[in-house]
Amino acid sequence: MNALASKPDETLRVLLVEDVPADAELTLDALRDDGIACQARCVETEADYVEALEAFAPDIVLSDMGLPVFDGYQALRLLRQRDALTPFIFVSGAMGEEVAVQALHQGATDYILKDNTVRLTAAVRRAVNEAREQRARLRAEEELIRAQRFESLALLAGGLSHDLRNLLQPLLLAADTLDDYADDPRLVRLGEVIRNCGHRGLEMVSSMLTFARGAKRTERVRVDALFDALSLLLKGSVPRTVTLRMERGAEDGLSLDGNHTELQQCLLNLALNAIQAMPDGGQLTFSAHACDLSADFFRASEDAVPGRFVCLDVTDTGQGMAPDVLQHLFQPFFTTKDMGTGLGLVSCRRIVEGHGGVLRVRSAPGQGTCFHLYLPLAVGSTQHVTEQAAGGHGEHVLVVDENATQLSLLAGTLTSAGYVVRACNSGTAALQSLAIDGLPQLLVMDAAMSLVTGVRTLAALLAADYAGSVLFLTDPEAPPSLDELPPLKHFSLLDKPVEVGGLLHAVGHALDMARQNPA
Ligand code: ADP
Ligand code: MG
């Protein structure tokens, strides 16, 4: 192989440790004659050498063994203390076999006699290529370890969030129940405090979960929700010198069909790049608007379908990028940072294209950077749904929940809203209630109950020609397996933790559904 790795246009940074200028010239001539483009620095004292390792950041060190005021072995030790991968080759006038073996033993990559220029260039090529490959391999391994850490985090978060939701459920209902004591301002205030804490906890659970969750699923993603989650995640990480702005745009309720977690990850990557590009502070702005993109907007290589798009802009006032950086931006492992992985933008582009969109960038040195994400707008996206709390007019509701606290809160809430409630803490109790009191107009049941209870209660209802609705309270992270349930005509799900507003809305809706389409 003749080219230096896969980047023939790249110059090799060579640090020579040599006290005879003519010898240094000879070595460099040999490399250049062989077609290796290089940029060289020559040092002969320890102080200059250490400074050059730092400032010149060589790709390879070629060192003489014995110098008047410095020692080749010391040079090798100093390099290895900071970096195990940069190749170090001894180039010496005379070298016995014993010395050579010792050199390799101490971590030298190779040893060459000064007049053997053919072997020199071959050894340099091999050493540089091997170091590059090894670096790439190490990075890939680190990336893998990081991905695995995320996977276990997602697993943990899934389990935790289930428990936390169940914990927050009674808290939120209890807070709303305290509103009934309007004549005691202390209780109302207490309710407010409990409700706020509950909401905050819930928000944290769901953003931790959406961030950590690896599962791929397509859902309706609201841009507002993306921005909210992003503010929450970035809150602690944006340095004080950087101001964060979220411009949500004039259109209400912009949304797209896709994967919340992936899109969040993508925006987060862009945000972190932007923050890193503003070491002296600046402004990071997220903005969103809808736009029409026609066929001539797209390049031949892009296979997005023209139409209506959401444009998400991530803009920073940082150092910007030179044309040669822009050119390599989306290459795997391309990075200009010491600790960079060069994988952030690769994954951003994969995510955007996976959503049928395109990623564009505009940047110039000193002018900041703007990434534009164009993602297909979801159909009917700008319709805004307004929640309205409903109330009952004596409809019969059967509530089945094995958790006593939750049961009494649910029953209490529905009773005060004007429903006639029968509360049962088991399937057996529910069956007895059916036998004694007849069919309800609505069944509200916690999906986390033992399956036998749920299925038996439903089966009994169906056997009695129940024509009403069934409202299941479910953990959105662990939806019940509906395959095991008997076929139901009017069936809806409500995510836990349940709040008074959401519960009344869902109950009202379920009753309406059954009224409009009787079985
Ligand atoms: P990494 O962040 O690990 O370097 P990325 O793929 O995220 O990898 O970015 C690749 C390179 O693109 C960065 O090293 C940097 O040079 C450049 N870059 C990305 N975003 C910006 C930005 N907002 N401003 C300036 N340069 C950027
Ligand atoms: Mg990055």
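Keep in mind the model is a prediction, meaning the values are calculated, not measured.
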Test your reading of the model: is there a side-chain donor-acceptor pair from E302 to the backbone of R299, 3.5 Å cut-off? yes

Rounded to the nearest 0.5 Å, how far does CG of D257 lie from CG of L375? 11.0 Å

Can the ring centroids of Y73 and Y111 be said to lie less than 6.0 angstrom from one another? no

Is there a donor in the side chain of S294 and an acceptor in the side chain of D296, or the other way round, less than 3.5 Å apart? yes

For M65 and A103, the nearest pair of non-hydrogen atoms, with its separation, is CE-CB, 4.0 Å

For residues T121 and A30, report the shortest heavy-atom separation together with the two atoms involved. CG2-O, 3.4 Å

Could R248 and F286 be counted as a cation-pi pair, given that NZ or CZ must be under 6.0 Å from the ring centre and within 45° of the axis? no

Can a side-chain donor-acceptor contact be found between Q406 and D446 if the only test is distance below 3.5 angstrom? yes

T315 backbone acceptor or donor facing D313 side chain under 3.5 Å: no

Under 3.5 Å, is there a donor-acceptor pair linking the side chains of R137 and Q134? no

Check against side-chain contact (heavy atoms from CB on, under 4.5 Å), F330 and V346: CA-CA 5 Å; F330 295 103; V346 181; 5.6 Å; no

Does any part of the side chain of L12, heavy atoms only, come nearer than 4.5 Å to the side chain of V124, both counted from C-beta? yes

Shortest non-hydrogen pair, V223 vs A288, comes out as CG1-CB, 3.8 Å

Checking Q39 side chain against T11 main chain: does a donor-acceptor pair fall under 3.5 Å? no

Drop me the distance from E44's CD to L16's CG, to the nearest 0.5 angstrom. 12.0 Å

Determine whether a donor-acceptor pair (N or O, by modelled atom type, separation under 3.5 Å) exists between the side chain of T86 and the backbone of I60. no

Tell me if a side-chain donor or acceptor on T317 pairs with a main-chain N or O of G368 at a distance below 3.5 Å. no

Decide yes or no on side-chain contact (heavy atoms from CB on, under 4.5 Å) for V221 and H355, but give the supporting numbers first. CA-CA 12 Å; V221 180; H355 281 77; 6.0 Å; no

Separation between CG (L15) and CG (L79), nearest 0.5 Å, reads 9.0 Å

Apply side-chain contact (heavy atoms from CB on, under 4.5 Å) to residues L270 and L373 and explain how you reach the verdict. CA-CA 11 Å; L270 295 175; L373 286 75; 3.5 Å; yes

Do C370 and V361 have side chains that approach each other closer than 4.5 Å (heavy atoms only, starting at C-beta)? no

Can you confirm whether V91 sits close enough to L120 that some side-chain heavy atom of one is under 4.5 Å from a side-chain heavy atom of the other? yes

Straight-line distance of L62 CG to S92 OG, nearest 0.5 Å: 12.5 Å

F309 vs F298 aromatic rings, parallel, tilted or perpendicular, using cut-offs 30° and 60°? tilted

Taking L67's backbone N and O only, do any of them form a donor-acceptor pair with D64's side chain (distance below 3.5 Å, no angle check)? no

Would the distance check show the side chain of R80 and the main-chain N or O of D83 forming a donor-acceptor pair, the cut-off being under 3.5 Å? yes

Does a side-chain N-to-carboxylate-O contact under 4.0 Å join R135 and E130? no

Side chains of S287 and L312 in contact at under 4.5 Å (non-hydrogen atoms): no

What distance do T243 atom OG1 and R245 atom CZ have between them, rounded to the nearest 0.5 Å? 7.5 Å

Is the shortest heavy-atom distance from the side chain of V242 to the side chain of Q283 under 4.5 Å? no

Side chain proximity check, M321 to T336, heavy atoms < 4.5 angstrom: no

Salt bridge flag under 4.0 Å for residues D228 and R222: no

Could you check whether any side-chain N or O of T45 sits under 3.5 Å from a backbone N or O of D48, counting only pairs where one atom can act as donor and the other as acceptor? yes

Are N269 and S347 linked by a side-chain donor-acceptor pair shorter than 3.5 Å? yes

Carefully, step by step, assess T109 and F90 under the rule side-chain contact (heavy atoms from CB on, under 4.5 Å). CA-CA 8 Å; T109 316; F90 277 121; over 6 Å; no

Exercise: identify the closest heavy-atom pair between S63 and A75: OG-CB, 4.4 Å

From CD (E18) to CG (L26), nearest 0.5 Å: 9.5 Å

Minimum heavy-atom separation for C266 to C348, with atom names? O-SG, 3.5 Å

Does this structure show an ion pair linking R41 with E51, if we count only N-O contacts that are shorter than 4.0 Å? yes

Specify the closest pair of heavy atoms between A123 and D110, including all atoms of both residues, with the distance to one decimal. CB-OD2, 3.5 Å

Would you call the rings of Y374 and H372 parallel, tilted or perpendicular if under 30° counts as parallel and over 60° as perpendicular? parallel

May I ask you to decide whether R13 forms a salt bridge with D59, counting only side-chain N to carboxylate O separations under 4.0 Å? no

Is any side-chain heavy atom of S363 less than 4.5 Å from a side-chain heavy atom of L326? yes

Do other residues, nucleotides or ligands put more than 12 heavy atoms under 6.0 Å from R362 CZ? no

Would you mind reporting whether F297 and R360 have side-chain heavy atoms less than 4.5 Å apart? yes

Heavy-atom donor-acceptor pair, R32 side chain to C38 backbone, under 3.5 Å: yes

Would you say that more than 12 heavy atoms from the other residues, nucleotides or ligands in this model lie under 6.0 Å from the NZ of K337, or not? yes

